[in-house]
Amino acid sequence: MNKAIIRTGLETLYFSGMHHIMRPLVGGVGCILTLHHVRPRRPDAFQPNRLLEITPQFLESLLKRLARARIDVISLDEMHQRFIDENYKRRFVVITFDDGYKDVKEYAYPLLKKYNLPFTMYIPTSFPDRLGEMWWTALEAVIARNSRIGMVINGKDQFFECGSVAEKYELYDAVYGYIRSMKTEDELRKFVRDLCATYSVDIAAFCRDLCMDWQELADMAADPLVTIGAHTVNHMMLKKLASEDAARAEMEMSRSVLEAALGKRPAHLAYPVGDPTSAGPREFRIAAELGFKTATTTRPGVLFKAHRNHLTALPRISVNGEFQQQRYVKVLMSGAGTALLNKFRRVNAA
Ligand SMILES: [Zn+2]
């Protein structure tokens, strides 16, 4: 479990038949799903970020399952309104996509339109500005394209063999864990930037190739099915910013930039990475002070009535490659898996 938690703040859970017993206890009033990439499976053997993607076929079967289960698929605004009205008559699901990838427009959007389902895209504004650093993808590229890599670890030059797929995974996980444990995001970014410079990987290219530009976002934002949410400017792990002002500026600025570019002020926010090392009580408070109606983490969990008092610290359920089987999603949405992880605390906003 640790490996997945340190990886991206996304959870990996292992299930038994226990969820059937626990369901009445933990089902909650609804849940918010987190998705990233939606694209056809790629043939590469080394895909350490595979847990950030699902196939279009998987998405469609999930949407069909939601329709069959007669669960309301609603927007974040509608979810917020139901909490305010204390209207918990029908269970609901909210669909959210983080980061604004082009493949969401290409593969997910046609399906969501086909089933007429609302969804949210959380956009870090540096991505359409083409200044973003997708450091997790850059790290993957450095390791994928080389069979021996040197880097400075704890002040010492060290070399690692990574010719085989197994070695590449091992190295990725080790380096990922090492840089995620760094005290500041500046250190993490500098480490990956240096690595990219040494191994001639163009870190800016990932943003350009993978993320929607402003025109593509404007086209989608014009659709009433689409909600655009803020996701900071620089996709920062906010809790690691020592200065409260800097954390506040990341959230506030991203909202202003999105409003200026798309003509509508975002009312919702997602904390980048979103696990407890990147968003905590300080961030939850700032988001509320800034007037965001809701803000989401990647802490795993379903929603309970009690979340009405913690609308800027909402958990989500990650739908990702590791769970690419409907039975896992079903178990996750029942709340059983995440209740285990949360030790049965319903609200985890500490
Ligand atoms: Zn993100």
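Remember, it's a predicted structure, so these values are computed and weren't measured experimentally. Counting convention: from 1, in listed order, for ligands and their atoms alike.
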Which atom of Asp99 approaches the Zn ion (ligand 1) most closely (N/O/S): OD1

Arg208/Asp202 salt bridge by N-O under 4.0 Å criterion: yes

Donor-acceptor pair, side chain of Arg316 and main chain of Thr96, under 3.5 angstrom: no

Inter-residue atom distance Leu217.CG - Leu258.CG, 0.5 Å rounding: 8.0 Å

Pi-cation contact, Tyr172 with Lys168 (under 6.0 Å, within 45°): no

Considering only N, O or S atoms of His231, the one closest to the Zn ion (ligand 1): NE2

N, O or S of His235 under 2.8 Å from the Zn ion (ligand 1): yes

